[in-house]
Structures are given as C-alpha cells and as structure tokens.
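Note that the structure is a prediction, hence the values are computed from the model and not measured.
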Amino acid sequence: YYPNNIHIGGHPNDEEHRFPKLKEKIERSRANWLLRLARRYTDKPSNELALCDVGCATGWFVRGCLDIGIDACGVEISPQALRAMERCGVERIYHGPFENTDFGGRKFDIITLFQTAEHVVDMGSLLRAMRERLTSNGIIILTCPNDLSGYRPFFWRKYWWLVPPMHVRFFNTQTMDKLFRKNGLKTLGFDTTGSFGGDVFMVLDWGARKIHVGLNPSGKLFKILRQIFVRGFIPVDWLIRKTVGHSELIAVAAMADANY
C-alpha cells in the first residue's frame with residue numbers, strides 16, 4: 001500500500017510461497033495474536049468480527065484471519081503483491097488506495113495497518129477514511145518501526161535503518177497520539193515488540209558487508225545464525241517490551257466518541 005508509488009524498493013518475498021504450510025501457520029498465529037489484542041476492546045466472537053487489512057501485501061494475514069473465523073478482507077496497491085497473492089488463494093482483496101475503495105457501505109470492527117504507515121505521505125486522509133469505515137466501537141491496530149525511541153537511538157546513533165524514500169514518515173508515541181487526535185480518533189493504548197537479537201545480527205552483518213565479508217542473505221548459514229541471535233535474545237526482548245521501548249511500535253485507536 002504505497003500511494004503515488006512512494007514505495008519503490010519493495011517486492012513480495014518469494015520464500016513465503018516456497019513454504020506455504022509454514023506461512024499459513026505463522027499467519028494463523030499472527031491472527032490469533034490480533035484476536036487476543038482485540039479481546040481487550042470487544043466481546044464479539046471471532047465469527048462476528050469484520051476486519052480489513054490495509055496494505056495486505058500478498059494476503060497471507062487475511063488468509064490467517066479467515067482460517068480462525070474472522071470475516072476478513074484486504075486492500076493492496078502493489079501490482080507485484082497482487083500477482084503473488086494468487087498463490088495464497090485469497091480472493092477478498094481490493095486493488096487500489098483504501099481511501100478510494102468502495103466497500104458497498106460495509107463497516108469494520110477492526111482495521112489493521114501493519115508496517116505501512118511509514119510509507120504513506122498523507123496519513124491524515126488515510127486515517128479519516130479508516131474512521132469513516134469503522135463500526136461505532138471499532139478499533140484501528142497499527143504497527144510501524146519505532147526508530148526514534150527506545151533502544152535503537154540509545155545503542156546505535158547512526159540511524160542506518162532510516163531508508164528514505166521508502167520510509168517517508170517516522171513516529172513515536174507522542175506524534176502518533178497527536179496524529180490520531182487531529183483526525184478524529186483517540187489512542188487506546190501503545191505497546192512495542194521486536195527482536196533485539198535480530199537487530200544485533202543486522203548490525204553485525206552490516207559491519208561485515210562494509211569490509212566485504214558478509215554472508216549471502218539467501219544462504220542457509222545466514223538464516224541459521226540469525227535464528228540463533230533471535231532466539232538467544234528472547235529474554236532481553238521481554239525486558240525491553242516492559243519499557244515500551246522495542247523496535248516496533250503497536251498503536252490501538254478508536255473513534256473519538258467511541259465508548260472506551
């Protein structure tokens with residue numbers, strides 16, 4: 001979901017189609033995580049929830065939601081993603097900007113925006129369109145990089161992961177809350193998640209590449225070493241999350257007049 005072709009460097013990950021059963025399991029797990037988060041704000045059973053995933057990429061998360069009974073659909077603007085989407089067998093995908101999509105008057109209990117806000121120039125018009133398509137007590141669940149807060153600027157002051165023009169916006173809890181309020185929404189809560197071990201591994205790999213000794217990212221050794229770092233730092237991840245200072249920001253919002 002990259003309006004005006006702002007995102008120029010991304011492409012679908014072919015590996016997720018090489019291992020469809022694994023991808024199904026991962027996205028079903030993500031869908032269950034979302035359902036647990038939504039349970040804080042709604043008592044509706046999963047088979048009564050309507051969800052729209054904005055920037056749904058290749059559609060696997062939508063499929064994960066459908067698998068656990070959520071009435072889900074997605075919106076995607078990338079032609080490459082839409083072509084790859086055919087492999088995961090999801091048909092409930094709209095092509096084009098969310099703001100211009102005709103849902104036939106349909107409203108959603110949950111609208112998700114995962115790792116997309118950082119690519120969108122006009123977040124105001126997008127959030128207002130989301131607000132108009134929420135049910136009275138519907139919620140927006142948004143995730144984006146937390147590159148300006150938490151441990152990243154503390155440990156690594158050279159923000160090498162800030163990658164314009166692909167990322168054209170950067171957020172912290174204060175700016176996100178202000179953006180919500182400016183567009184008729186209110187913040188219900190913030191959390192963070194991520195992998196400190198994954199970041200450590202990327203920093204080491206980046207340093208190795210600078211001296212031309214980096215590993216092949218598609219190779220088995222690269223993936224094994226990354227998993228060792230990711231899993232080895234899981235206790236650290238738990239501690240960082242307690243400070244709401246991890247590398248990925250999770251924000252939940254609702255209409256300003258919702259009963260929360």
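A donor atom on one side chain and an acceptor atom on the other are found under 3.5 Å apart for T187 and D177. The closest side-chain donor-acceptor pair between T112 and D53 falls under 3.5 angstrom. No hydrogens or angles considered: nothing links the side chains of S29 and N32 as a donor-acceptor pair under 3.5 Å. No side-chain N or O of Y94 forms a donor-acceptor pair with one of D102 less than 3.5 Å apart.
Other residues, nucleotides and ligands place more than 12 heavy atoms under 6.0 Å from the NZ atom of K186. Taking a 6.0 Å sphere around NZ of K107, one finds it holds more than 12 heavy atoms contributed by other residues, nucleotides or ligands.
C65 and A72 make their closest contact through CB-CB, 3.7 Å (heavy atoms, listed as atom of the first residue, atom of the second, distance). Of all heavy-atom pairs spanning V230 and S195, the tightest one is CG2-OG, 3.6 Å. Smallest separation of non-hydrogen atoms from T175 and F170: OG1-O, 4.4 Å. Between L49 and I110, the shortest heavy-atom distance links the atoms CD1-CD1, 4.2 Å. Considering all non-hydrogen atoms of both residues, H167 and P145 come closest at CE1-CG, 4.0 Å. What you find for S136 and A258 is that their closest heavy atoms are O-CB, 3.6 Å.
Hydrophobic cluster membership is shared by V203 and V236, with clusters built from Ile, Leu, Val, Met, Phe, Trp and Tyr side chains linked at under 4.5 angstrom. I139 and L142 are assigned to two separate hydrophobic clusters, defined by single-linkage of ILVMFWY side chains at heavy-atom distances under 4.5 Å. Grouping the Ile, Leu, Val, Met, Phe, Trp and Tyr side chains by contacts below 4.5 angstrom, directly or via other members, places F108 with L126. By the rule that hydrophobic residues join a cluster once side-chain heavy atoms approach within less than 4.5 Å of another member, M123 and I111 end up as members of one cluster.
Partner of F196 under the ring-ring contact (aromatic ring centres under 6.0 Å, His included) criterion, chosen from F229, F154, F233, F201: F233.
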Check against side chain to side chain contact (heavy atoms under 4.5 Å, CB included), M130 and V54:
CA-CA 9 Å; M130 289 175 144; V54 182; 3.8 Å; yes

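Under 4.0 Å is where a charged nitrogen must lie from a carboxylate oxygen, and between D71 and R106 at least one such pair does. The pair D237-R241 fails the salt-bridge criterion, with no side-chain N (NZ, NE, NH1 or NH2) lying under 4.0 Å from an Asp/Glu carboxylate O.
Side-chain atoms of R40 and V252, non-hydrogen and from C-beta on, never get closer than 4.5 Å to each other.
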